[in-house]
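Letters A, B, ... mirror the listed sequences (proteins, then strands); counts begin at 1.
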Amino acid sequence: MPEKPYDHNQIELKWRRKWEDADLYSAREDAGRPKYYVLEMLPYPSGELHIGHIRNYAIGDALARFQWMQGFNVLHPMGWDAFGLPAENAAIKNQRHPREWTLENIAKMKATHRRFAFSYDWDREVSTCEPEYYRWNQWFFLKMLERGLAYRKKALVNWCPQCATVLANEQVVDGCCWRHEGTPVEQRALEQWFLRITAYADELLEDIRGLEGGWPEKVLTMQRNWIGRSEGTEADFQVADTGQAIRVFTTRVDTIYGATCVILAPDHPLVGEIAGEEGRARAKAMVDARAGRDPGDLEKEGFFTGRYAVNPYSRESIPVWVGNFVLLEYGTGAIMAVPAHDDRDFEFCNKYGIAIRPVIRPVDGELGRDSEAAFCDYGIVENSGEFSGLPSAEAQRRMNEKAEREGFGRKAVTYRIKDWGISRQRYWGTPIPVIHCERCGIVPVPEDQLPVRLPLDVRITGQGRSPLAEVPGFVNAACPRCQSPARRETDTMDTFIDSSWYFYRYCDAHNDRAPFDSARIRYWFPIDQYIGGVEHAILHLIYSRFFTKMMRDIGLVSHDEPVKKLFTQGMVIREGVKMSKSKGNVIAADDVAARYGADTSRMFVLFAAPPEKDVDWTDEGVEGIYRFLSRVYRFVTRNAGVERGGSGESDRKVLRKLHQTIRKVTEDFESRWHFNTSIAAIMELVNELYAGEAGISDPVMREILKDLALLFAPFAPYLSQEIWEETGCGEEPVFRQRWPAYDPEIAREEEAEIVVQVNGRLRGRISMPFGSAREEVLDRALQDPRVQPFLSGKRVVKTIVIPDKLVNLVVQ
RNA sequence: GCCCGGGUGGCGAAACUGGCAGACGCACAGGACUUAAAAUCCUGUGGUGGGGAACCACCGUGUGGGUUCGAUUCCCACCCCGGGCACCA
């Protein structure tokens, strides 16, 4: 057959047509086969897939195809995180309905997906904005409401003026909105729905241990920090003349005899009562001054309330202050200040001339006297009544006992993580299924009335309150309990609810009686490999873990964790900077597919760096891959299906290289997924094939071409299939073939090349059969003409022989 | 400040368990083919010095020290870059 030029458009179009309706990747439960669930994070349908998406999917697709070829029953689904603000913003800007805009984007992106031939089972596709999906969000919400895991409270919440809605704590980054860098988040007091994720705080923390090894250590650390469990003591300080007590939380109760004042958060509920009207006003000013500021460069400020509180251990009266650095949301919203042993307290007390009293001495030192800095380590407790002389840990234990015995305190645990605020004053999300009735209060919508559908005729202005509140047909409803006129809840749910369980829905995407059938979940779960960006380390990935535990507790699933292994891939950058719309340096997947083809684009992002690192996109680099694929294609087309009469003299050599390549690629899949080295190995093989082409016999050529098709299958499915067909194997899908096995005997080099060093420096190399005896190797090394000059006149004092690898002669 | 990563040719990278540093690709240079160019194929390509040449020597993995027959790899100190956390009591 004559050599053909590589026409990626023609090849990719041809197979795309054949594959269009073939249902190639559909997954069925099959108890007789081991399953493998590989998942990439579902995208937001912004309208265009970019090259960063392609990288994510190319990694997952390579893995899915490889596992198929290993005989696994692979589940590889895809869907759309289709609710969210951009749709509403687009609606305001272009007068388009969010639904229309979203569905159009999904269609566009799905076309790109198909162009890239990712191996998804599209029959399981999930769009979170469809009532068939979001009704189950509502159903979960009702279940949580029943169990007290969903509740409503008035709270200070994060308000992004750009989004015109509330944000969860996880969605606030450096005091600003996670979607609007540079837009400080405001605090507003609103009635909000919360999910009690804190009920699972301990378990979420504890189960991290079971994820070790399967999840990146970095992500686990971030989650541990986010949960922020700390053990300590709560103690009540009675305030003179008020009948009130201030409860403080401390992790260092052993320092409590050194407490020289109590400090309330400015927004602490007792401030008014303790500090009076004037104090309340000063505190209010403090709260306002703090809002939206970076806590790092906020000077510590405070004022004395005029009242005193009694240290329950020492019975000493100490002043009560209000301080701007004390956080209401953490612990009890009040602290005892021990300036001698805490840097922050030291700074504060030093500024206001409050006493500094050391009560901890270093184990091997003296009690500090001068007041240069706080001593914050553990040590020996001094000047602390009955506890003097005890080491810190022991003192803490006994002090906790005393507090409980006498009832003024107790051992306590606090968490940094707070309950998940899920109310959003926006339109394009899941309606919260409750009704506000004047007589009955908050009444859940009965299950059989789900879904509460999002009305479509809505005016979206982006101003003020929830758009749904402006839709009378939606708002006005009969109370399910007493039938009297009532109002529907008009807030919608945080879209992170949608993504917290979508991967369960993939297992049973069309179920209209339940979110899914538990038996199907038992077959497919847990997710064997989840792949996505590290930016979701504490948002999506902690919510998902919470949802799984909740689902387990309502009897839907029987496992504790949804994801066995997590892989976080690097970004695709350009000229060293992150791609972003505002910089205009985004690379659209469709553009590169048109220019270079889907295969080239995929292979480039896999080749340019190992998958966990960032990849720099360069046109020259992409062209290099294109050249490589062309080179392969030309080789195949000029050698396939013809009697070439090759001499056979290079057979041994190329077969060896072939088996070495198969070994390398297989090992990369089984260990680190360093596909850059897999592809490099295939390039080496192709270079070797070019060099020995004329000397390859016909049967060996046939074998090589077939294996070449198989080696390309995980990375470049179109080219792989085309080679497969060229070699006469028909149109059967390559990825349904068995992954080739390598023969270690054939892969082995004929002779070992042994490096000879003298005093650790390379001086020569010798070739010897594998497994040659130590003495023989040493003998040859000593005889080597290139080594000899470095030995003459010297005495060999030591010899090191590493079999088949190296000889080192130590001379003096 | 604390906790993770990382620092290797002109560039992206490789070296997986302490054993040939720089595989593979990009870029560049030379050659073949061509009237010419592009494409393609072949060759070379860490630095310095020596030699007509095949070749030879020395230096070289952020910096300085250490362990070792041998260190990109292990240990100590430091510098730089990226990420996470940061009044969390």
Could you measure between the two C1' atoms, the one in C58(B) and the one in C85(B), and give it in whole Å? 48 Å
Side chain of Arg765(A), heavy atoms from C-beta onward: which of G19(B), C24(B), C20(B) has the nearest atom to it? C20(B)
Just by protein heavy atoms under 4.0 Å, how would nucleotides 3-14 of chain B read 5' to 3' in B, S and -? ---------BSS
Whole-Å distance, Leu327(A) CG to C87(B) P, equals 7 Å
Rounding to a whole Å, what distance do you find between Asn350(A):CG and C87(B):C1'? 16 Å
Within 45 degrees of the ring normal and closer than 6.0 Å to the centroid, is that where the cationic atom of Arg602(A) sits relative to Phe715(A)? no
To the nearest 0.5 Å, what is the distance between CD (Glu751(A)) and OG (Ser767(A))? 4.5 Å
Given that both pair distances must be under 3.5 Å and the pair must be Watson-Crick or G-U, what runs of three or more consecutive pairs involve RNA chain B? B:1-7 with B:79-85, B:10-12 with B:24-26, B:28-32 with B:40-44, B:46-50 with B:55-59, B:62-66 with B:74-78
Check the distance between A39(B)'s C1' and Glu623(A)'s CD and give it to me in whole angstrom. 13 Å
Would you classify Gly331(A) as touching base, sugar-phosphate or nothing, given that sugar-phosphate means primed atoms plus P, OP1 and OP2, and contacts are heavy atoms under 4.0 Å? nothing
Using the P atom as the point on both nucleotides, what is the distance between G60(B) and G52(B), in whole Å? 28 Å
Distance between the C1' atoms of A27(B) and G22(B), in whole angstroms? 16 Å
Syn/anti label of G9(B) as read from its glycosidic torsion, with the cut at 90° from 0: syn
Ring centres under 6.0 angstrom apart (Trp321(A), Phe303(A)): no
Distance between P atoms of G10(B) and G47(B) (Å, rounded): 7 Å
What is the distance, rounded to the nearest whole Å, between atom NZ of Lys805(A) and atom C1' of U17(B)? 8 Å
Which part of the nucleic acid does Gln757(A) contact within heavy-atom distance under 4.0 Å: base, sugar-phosphate only, or nothing? base
Taking only the C1' atom of each, what is the distance from C11(B) to U63(B) in whole angstrom? 24 Å
Atom CD of Glu753(A) to atom P of C20(B): distance rounded to whole Å? 11 Å
Mark yes or no: Arg357(A) above the aromatic ring of Tyr257(A), with NZ or CZ under 6.0 Å from the six-membered ring centre and no more than 45 degrees from the axis. no
Taking the side chain of Asn687(A) as heavy atoms from C-beta outward, which of C87(B), U40(B), C24(B) is closest to it? C24(B)
Rounded to whole Å, OH of Tyr633(A) lies from C1' of A39(B) at a distance of 17 Å
Taking only the side-chain nitrogens and oxygens of Arg634(A), find out if one of them lies under 4.0 Å from OP1 or OP2 of A39(B). no
For Gly228(A) and Asn808(A), find the nucleotide of RNA chain B closest to each by heavy atoms; which residue's nucleotide sits nearer the 5' end? Asn808(A)
Looking at Arg631(A), does any N or O in its side chain come under 4.0 Å of the phosphate oxygens OP1/OP2 on C24(B)? no
What integer number of Å spans the C1' atoms of G30(B) and G12(B)? 25 Å
Aromatic ring proximity, centroids under 6.0 angstrom, Phe567(A) and Trp215(A): no
Rounded to the Å, how far apart are Ile800(A) CD1 and G18(B) C1'? 12 Å
d(Met286(A) CE, Glu301(A) CD) to nearest 0.5 Å is 6.0 Å
Taking only side-chain N and O atoms of Arg247(A), does any of them lie within less than 4.0 angstrom of OP1 or OP2 on A89(B)? no
In whole Å, what separates the C1' atom of C2(B) from that of U72(B)? 28 Å
If you look at every heavy atom in Asp804(A) and Ile754(A), which pair is closest and at what distance? C-CG1, 3.8 Å
Quick one: label Val534(A) by what it contacts on the DNA or RNA (base, sugar-phosphate, nothing), any heavy atom closer than 4.0 Å. nothing
Taking it one step at a time, do Tyr626(A) and Ser601(A) satisfy side chain to side chain donor-acceptor pair (under 3.5 Å)? CA-CA 9 Å; Tyr626(A) 190 86; Ser601(A) 312; over 6 Å; no
To the nearest Å, give me how far apart CG (Leu629(A)) and P (C24(B)) are. 18 Å
B/S/- along nucleotides 55-62 of chain B (protein heavy atoms under 4.0 Å) is -SSSS---
Take atom NZ of Lys351(A) as the centre, draw a 6.0 Å sphere, and report whether it contains more than 12 heavy atoms from other residues, nucleotides or ligands. yes
Of all the heavy-atom pairs spanning Thr799(A) and Arg774(A), show the shortest one and how long it is. OG1-NH2, 3.5 Å
Under 4.0 Å, counting only non-hydrogen atoms across every strand here, what does Ser230(A) touch: a base, just sugar-phosphate, or nothing? sugar-phosphate
Need to verify one output field. Residue with the more 5' nearest nucleotide on RNA chain B, Ala691(A) or Phe249(A)? Ala691(A)
Pair Phe325(A) + Phe348(A): ring centers closer than 6.0 Å: yes
Lys411(A) atom NZ, over 12 foreign heavy atoms within 6.0 Å: no
Please report the closest heavy-atom contact between Asp345(A) and Ala337(A), naming both atoms and the distance. OD2-CA, 3.3 Å
Nearest heavy-atom contact between Ala403(A) and Tyr313(A) is CB-OH, 3.5 Å
Please report the distance separating the C1' of G19(B) from the corresponding atom of C74(B), rounded so that it comes out in whole Å. 14 Å
